[in-house]
Amino acid sequence: MVTMRVGALAGHFGRDVDRCVDKVVGIIEDGHRRGVDLIVFPDACLGGYLGDLTDPDVDDLPPALDPRGPELTRIVGAAGGMTVCLGYTECAAGERYNAAVCLTGDGILGSHRKVHRPAGEHLAYAAGESFSAFDTPVGRMGLLIDYDKTFPEAARTLALDGARVIAALSAWPASVTDRASKLANDRQSRLFDLYDGARAAENQVVLLSSNHTGVMGSLRFLGQAKVVGPGGEVLCRTRDKGGLAWCDLDIDAEVERARRTLHHLCERRPETYRSHHRIDQGDPCVSHS
């Protein structure tokens with residue numbers, strides 16, 4: 001039995017990178033005092049997210065950082081034995097990526113570039129090209145960023161690569177087309193929670209979901225950080241305000257218990273999952289109007 005304290009953060013992070021780093025380091029230091037083994041920060045917590053999804057202001061994009069630069073180096077120094085996942089805008093080979101890393105005091109253990117880009121995000125970020133798991137002190141993990149978790153194939157790829165923990169880092173706003181008077185009633189609020197539960201349950205993994213809070217530009221973020229068990233049950237959560245959703249659990253024991261009778265990954269039948277478009281229907285992704 002190896003019980004660990006794991007947490008997912010809901011919080012507001014703006015454009016001032018130095019201030020964001022100070023905030024991240026402060027939360028990590030508080031986590032050390034609480035005995036936290038794993039903490040997942042939101043996507044884009046170093047420099048903030050876009051202010052508009054449909055038409056991003058190219059003059060007000062999040063600062064792009066070098067993963068070997070002083071910002072992440074300082075956070076590595078603060079992490080010590082804690083496993084920390086966080087998101088930022090990565091600068092690499094002249095491109096900008098919505099990226100995430102998982103690190104400890106030993107350095108960066110794994111990284112991910114967001115593959116699926118919603119709406120106008122392609123105007124601000126290049127797309128990543130893969131999903132892969134990696135080993136950490138809390139077990140084998142994988143990273144998803146924001147819209148990635150909408151696609152079952154993304155989380156399934158990580159689970160098939162051995163991930164028992166998935167960190168889903170988000171900057172997920174309320175609906176921009178059909179806003180509700182209360183965030184709890186917002187269409188995107190329901191989808192955010194639905195995807196968290198589904199991705200955990202269908203892969204029988206522990207999922208930690210983080211998110212921004214507050215407002216940036218025209219976007220109002222949902223919060224709703226949570227830890228989800230491998231049966232899809234929410235073990236702890238925040239609401240729309242900032243805070244850390246944390247709990248103590250034995251990750252391997254939880255996963256093994258969920259897979260004891262029904263083991264979804266082993267019971268798949270991949271040969272039946274091929275796509276067959278009916279000729280009269282055509283490709284659903286191509287407009288026929």
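All residue numbers refer to positions in the sequence shown, counting from 1. Please read these numbers as outputs of a predicted model, since none were measured by experiment.
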Checking the side chain of [X] only, and the main-chain atoms of [Y] only, is there a donor and an acceptor separated by less than 3.5 Å?
| X | Y | answer |
| --- | --- | --- |
| H264 | N203 | no |
| D43 | G87 | no |
| R140 | V165 | no |
| R96 | P62 | yes |
| T213 | F221 | no |
| T83 | L38 | no |
| H263 | R260 | no |
| R15 | Y49 | yes |
| D161 | T157 | no |
| H32 | A78 | yes |

**OP:** Start with the C-alpha gap between F131 and F151, add the side-chain angles, then the distance that decides, and say whether side-chain contact (heavy atoms from CB on, under 4.5 Å) holds.
**Re:** CA-CA 12 Å; F131 298 93; F151 301 86; over 6 Å; no
Find out whether [X] and [Y] are in side-chain contact, i.e. whether some heavy atom of one side chain is under 4.5 Å from a heavy atom of the other.
| X | Y | value |
| --- | --- | --- |
| R34 | W246 | yes |
| L219 | H212 | no |
| E153 | D148 | no |
| L244 | I39 | yes |
| L72 | L46 | yes |
| F192 | D186 | no |
| V24 | R74 | no |
| D193 | K226 | yes |

Do [X] and [Y] sit in the same hydrophobic cluster, where Ile, Leu, Val, Met, Phe, Trp and Tyr count as joined when their side-chain heavy atoms come under 4.5 Å apart?
| X | Y | answer |
| --- | --- | --- |
| L169 | L65 | no |
| M141 | L207 | no |
| L143 | V206 | yes |
| V101 | I75 | yes |
| V21 | Y88 | yes |

Subject >> Closest heavy-atom pair and its distance - A159, L265 >> reply: O-CD1, 3.8 Å
Original post:
If you take all heavy atoms of A8 and A225, which pair is closest and at what distance?
Top reply: O-CB, 3.5 Å
Subject >> Ion pair R5/D37, N-O distance below 4.0 Å >> reply: no
Subject >> Salt-bridge present (E202, R156; N to O < 4.0 Å) >> reply: no
Original post:
Under the side chain to side chain donor-acceptor pair (under 3.5 Å) test, which residues partner E71, sequence neighbours left out?
Top reply: none
Original post:
D52 and T54: side chain to side chain donor-acceptor pair (under 3.5 Å), yes or no, with the steps?
Top reply: CA-CA 6 Å; D52 190 303; T54 56; 2.9 Å; yes
Subject >> Worked check of side-chain contact (heavy atoms from CB on, under 4.5 Å) between R164 and R259 >> reply: CA-CA 11 Å; R164 291 192 162 205; R259 297 177 178 179; 4.3 Å; yes
**OP:** Show the numbers, then the answer: is there a side-chain contact (heavy atoms from CB on, under 4.5 Å) between I28 and F41?
**Re:** CA-CA 10 Å; I28 290 172; F41 286 87; 4.0 Å; yes
Subject >> R239, CZ: over 12 other non-hydrogen atoms inside 6.0 angstrom >> reply: no
Subject >> E267 atom CD: more than 12 heavy-atom contacts under 6.0 Å >> reply: yes
Original post:
For D22 and R19, what are the C-alpha separation, side-chain angles and deciding distance, and is it a salt bridge (Lys or Arg N to Asp or Glu O under 4.0 Å)?
Top reply: CA-CA 5 Å; D22 287 344; R19 186 174 180 182; over 6 Å; no
**OP:** To the nearest 0.5 angstrom, please state how far the CG atom of D106 sits from the OG1 atom of T136.
**Re:** 11.5 Å
**OP:** List the steps, then state whether side-chain contact (heavy atoms from CB on, under 4.5 Å) holds for S170 with K149.
**Re:** CA-CA 9 Å; S170 290; K149 75 178 179 183; 4.1 Å; yes
**OP:** Report the residue from L9, L208, L109, V40 that forms a side-chain contact (heavy atoms from CB on, under 4.5 Å) with C85.
**Re:** V40
Subject >> Cation over ring face, K114 and Y147, 6.0 Å, 45° >> reply: no
